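Each ligand, and each atom within it, is numbered from 1 in the order the structure gives. In this text the structure is predicted, and so the values were computed from the model without any measurement.
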Amino acid sequence: MAKRIDVSGLSAYYGSHKAIDDISMTIEPRTVTAFIGPSGCGKSTFLRTLNRMHEVTPGGRVEGKVLLDDEDLYGAGVDPVSVRREVGMVFQRPNPFPTMSIFDNVAAGLRLNGNYRKNELNDIVEKSLKGANLWNEVKDRLNKPGSGLSGGQQQRLCIARAIAVEPKVLLMDEPCSALDPISTLAIEDLIGELKERFTIVIVTHNMQQAARVSDRTAFFNLAAVGQPGKLIEIDDTE
Ligand code: ADP
Ligand code: ADP
């Protein structure tokens, strides 16, 4: 089930360098919100505060609040690993585990999270690959390594891996910028379908893409190079 994201007073640092400053906004479930802005304004950092990956970076520190429905992701006693299970992420460069089979790539997160019977695992892997519009292309080669797929297929494999654990939110950090135009359109179509099930937050440098895939576009900007990024405007994309 998709959840609402409520960000308030959120700032993020690398050591003493403030990368984003005092962001507040609400992102509704089953919507796509695109973040756009100049390089270095903190889009990627912002995304990584939403699944507590920012703290893994040396010097990474976060102030403020992120609620997922009513759960405070930075609350006392909250395990960052469990946050990353609820908030899945897809990166700019498709990063399937290169030596693992296509099947195992999708099953990887499930195997970490619980004991699934073989049939159950098979079903979830099939459902996830179907959900990522990849099943028909790979169903006869599930034992082959993920690295043998095209870039666009690898990115859909990473999306299948991310959705297999049924996250509430799906974060996408420039998911198409390493892909050719046809693969890009396939991912954009897929985002439209995934929106029915997840809350989607996407970073893109492409205005047209933001207009095509998102319900809202949020603009980040920098007062000057070296200054923290600020959220300057949120537009409904129609
Ligand atoms: P964007 O995604 O908008 O290009 P980033 O979130 O990557 O911006 O970066 C925001 C700011 O944080 C930039 O000033 C960048 O130099 C800085 N930054 C990013 N990653 C690191 C890091 N690992 N260590 C120190 N500073 C970083
Ligand atoms: P075991 O429990 O015997 O190790 P796994 O379920 O881990 O069995 O699967 C063993 C291998 O078989 C995996 O590495 C995976 O690549 C492959 N595999 C499992 N299920 C399927 C499936 N439905 N279709 C194709 N290959 C599969």
Side-chain angles (χ1 to χ4, degrees), residues 5-27 31-68 73-74 80-81 83-84 86-95 151 154-155 158-159 162 167 169-179 183-184 187-188 191 194 198-235 237:
I5 309 169
D6 226 320
V7 173
S8 53
L10 188 81
S11 300
Y13 299 79
Y14 295 91
S16 58
H17 175 61
K18 195 181 210 179
I20 53 172
D21 184 32
D22 195 21
I23 312 269
S24 297
M25 72 181 300
T26 299
I27 299 172
T31 62
V32 180
T33 302
F35 284 86
I36 205 154
S39 184
C41 70
K43 302 181 295 294
S44 208
T45 304
F46 173 70
L47 216 54
R48 292 155 56 93
T49 64
L50 300 182
N51 69 347
R52 296 195 61 170
M53 262 181 65
H54 177 63
E55 299 151 83
V56 177
T57 313
R61 192 161 59 80
V62 175
E63 285 169 357
K65 250 188 183 171
V66 180
L67 302 183
L68 212 58
L73 296 190
Y74 287 92
V81 174
V83 171
R84 287 194 277 277
E86 284 204 284
V87 184
M89 188 148 181
V90 175
F91 300 88
Q92 177 171 357
R93 302 221 154 266
N95 59 346
Q154 287 189 26
Q155 194 59 301
C158 293
I159 291 170
V169 172
L170 199 54
L171 308 176
M172 303 180 130
D173 194 354
E174 305 213 13
C176 301
S177 49
L179 304 181
S183 307
T184 295
I187 300 281
E188 289 180 0
I191 290 170
L194 294 172
F198 305 99
T199 309
I200 299 182
V201 184
I202 177 173
V203 164
T204 173
H205 59 254
N206 181 330
M207 276 300 292
Q208 286 77 27
Q209 176 166 77
R212 281 194 297 268
V213 304
S214 74
D215 302 293
R216 294 166 93 202
T217 303
F219 296 87
F220 270 85
N221 209 350
L222 287 167
V225 173
Q227 295 296 305
K230 273 187 166 298
L231 184 58
I232 51 167
E233 195 182 334
I234 304 175
D235 284 352
T237 326

Original post:
Is the number of heavy atoms from other residues, nucleotides or ligands within 6.0 Å of NZ (Lys18) greater than 12?
Top reply: yes

Original post:
How about Pro167 and Phe198: do any of their side-chain heavy atoms sit closer than 4.5 Å?
Top reply: yes

**OP:** Only pairs at least two apart or in different chains count here, so list each side-chain hydrogen bond (donor to acceptor under 3.5 Å, both in side chains) that has a residue in residues 220-235.
**Re:** Asp21-Lys230

Original post:
Do the side chain of Arg52 and the main chain of Leu73 share a donor and acceptor less than 3.5 angstrom apart?
Top reply: yes

**OP:** Report yes if some heavy atom in the side chain of Leu171 is under 4.5 Å from a heavy atom in the side chain of Asp173; otherwise report no.
**Re:** no

Original post:
Is there a side-chain contact between Gln92 and Val203, using heavy atoms and a 4.5 Å cut-off?
Top reply: no

Original post:
At a 4.0 angstrom heavy-atom cut-off, what protein residues surround ligand 1?
Top reply: Tyr14, His17, Ala19, Pro38, Ser39, Gly40, Cys41, Gly42, Lys43, Ser44, Thr45, Thr57

